[in-house]
There are 2 protein chains.
Amino acid sequence: MERTTRQREALRNVIEDAQRPLSPQEILDGAQAVVPGIGIATVYRNIKLLLDAGEIEVVTLPGENPRYEPAHRAHHHHHHFQCDACRRVFDVHECPGDLKGLAPKGFRVHRHELTLYGLCKECIALKRSAVASA
Amino acid sequence: MERTTRQREALRNVIEDAQRPLSPQEILDGAQAVVPGIGIATVYRNIKLLLDAGEIEVVTLPGENPRYEPAHRAHHHHHHFQCDACRRVFDVHECPGDLKGLAPKGFRVHRHELTLYGLCKECIALKRSAVASA
DNA sequence: ATGTGTGCAAATGATTTGCAGGTTG
DNA sequence: CAACCTGCAAATCATTTGCACACAT
């Protein structure tokens, strides 16, 4: 049965309080403040536990190391938008829908992942003011 | 100046002849058949060279190590399919089309990446024969 | 007390780099 | 023969695992 430890509680809180998906190292950094001496191995072990328990979810974008966020914040089926300027990632709740027809014949499609790239609202505004002040 | 070596030629051919993006290890395996003794370091060094030369392009899927494919094949807009069983990656030439409407309002979408997941033809066949022999 | 959890360090797996010797132009 | 290349092994980087000890229940 799963036990309650200072380390696990600290890790849970760090992930919960973050306003964005965190990398294992970022999670460790946050937990160090509460439980000095906590090790990176404990972070990885608990990430796995929390994933299995369905408390957190992994966010994997192409070419980037995995990050983790609370499951309740990640909800149901959704996609991501990454800003080419600020690199931040936003949730996209729209979905193109059924894509099973796209695969080569004979293949079976179970699910899909979509990442949109471009400029977020804020970076568009920043660019506009930069041009204006030029 | 860049020189012509058996190793480099072999690597180029393996990548060119493949019908799908290859991992460094897959490239090495293919090249071993032509140049026994070729090492993984040579594969990585030449991948970097070919990337800089614009001959090949990187394919990065969420949570996966990079794979490489010839630039002329990558230049056509396309997507990827990854088999949940054998983990191999295949090109998908179909595209759902315009996805600009999916992003939050105020965002500008420049491009998108789509990855389909499921079972490839071969793994479906393997599963079928496994069931048959059970 | 009993088994889970933790820290440390060694083990992985992927990729990079230093070095000494081999090959190309 | 000078510069470029290669193979090997050691070095990184991120992540995993073995072990002995600590701790929750």
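All chains are named by letter (A, B, ...) in the order of the sequence lines, taking the proteins before the strands, and each is independently numbered beginning at 1.
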Span of DNA chain C in contact with chain B (heavy atoms, under 4.0 Å): C/dA14 to C/dG25
Spacing between B/I40 atom CD1 and D/dC5 atom C1', to the nearest angstrom: 16 Å
Residue pair B/T42, B/T5: steps toward the side-chain contact (heavy atoms from CB on, under 4.5 Å) verdict: CA-CA 11 Å; B/T42 297; B/T5 65; over 6 Å; no
What is the distance, to the nearest angstrom, from the NZ atom on A/K48 to the P atom on D/dA14? 17 Å
Over all strands shown, is A/R45 touching base, sugar-phosphate only, or nothing at heavy-atom distances under 4.0 angstrom? base
Would a hydrophobic clustering, with Ile, Leu, Val, Met, Phe, Trp and Tyr connected at side-chain separations under 4.5 Å, put B/L61 with A/Y117? no
Just to be sure I understand the rule, does B/I38 reach a base, reach only the sugar-phosphate, or reach nothing, if contact means heavy atoms closer than 4.0 Å? sugar-phosphate
Aromatic plane relationship, B/H78 with B/H93 - under 30° parallel, 30 to 60° tilted, over 60° perpendicular: tilted
Got more than 12 heavy atoms from elsewhere within 6.0 Å of CD, B/E9? yes
Across the strands shown, which category fits B/E2 at heavy-atom distances under 4.0 angstrom: base, sugar-phosphate, nothing? sugar-phosphate
Any side-chain N or O of B/T42 less than 4.0 Å from the OP1 or OP2 oxygen of D/dC5? no
Hydrophobic cluster identity match, B/L11 and B/I56, side-chain contacts under 4.5 Å: yes
What's A/P36 touching, base or sugar-phosphate or nothing? Going by heavy atoms closer than 4.0 Å. nothing
Taking OP1 and OP2 of D/dC13, is either one under 4.0 Å from a side-chain nitrogen or oxygen of A/N65? no
Pairwise side chain to side chain donor-acceptor pair (under 3.5 Å) hits with a residue in residues 30-40 of chain B, at least two apart: none
Side-chain donor/acceptor of B/R6 to base of D/dG7, under 3.5 Å: no
Roughly, in whole Å, what's the span from CG in B/L28 to C1' in D/dC8? 14 Å
Interatomic distance, B/I47 CD1 vs D/dC5 P [rounded to whole Å]: 16 Å
Of B/R3 and B/P24, whose closest DNA chain C nucleotide lies nearer the 5' terminus? B/P24
Is it true that B/E2 and B/R8 have a side-chain N and a carboxylate O under 4.0 angstrom from each other? yes
By nearest-heavy-atom nucleotide on DNA chain C, the more 5' of B/T5 and A/N46 is A/N46
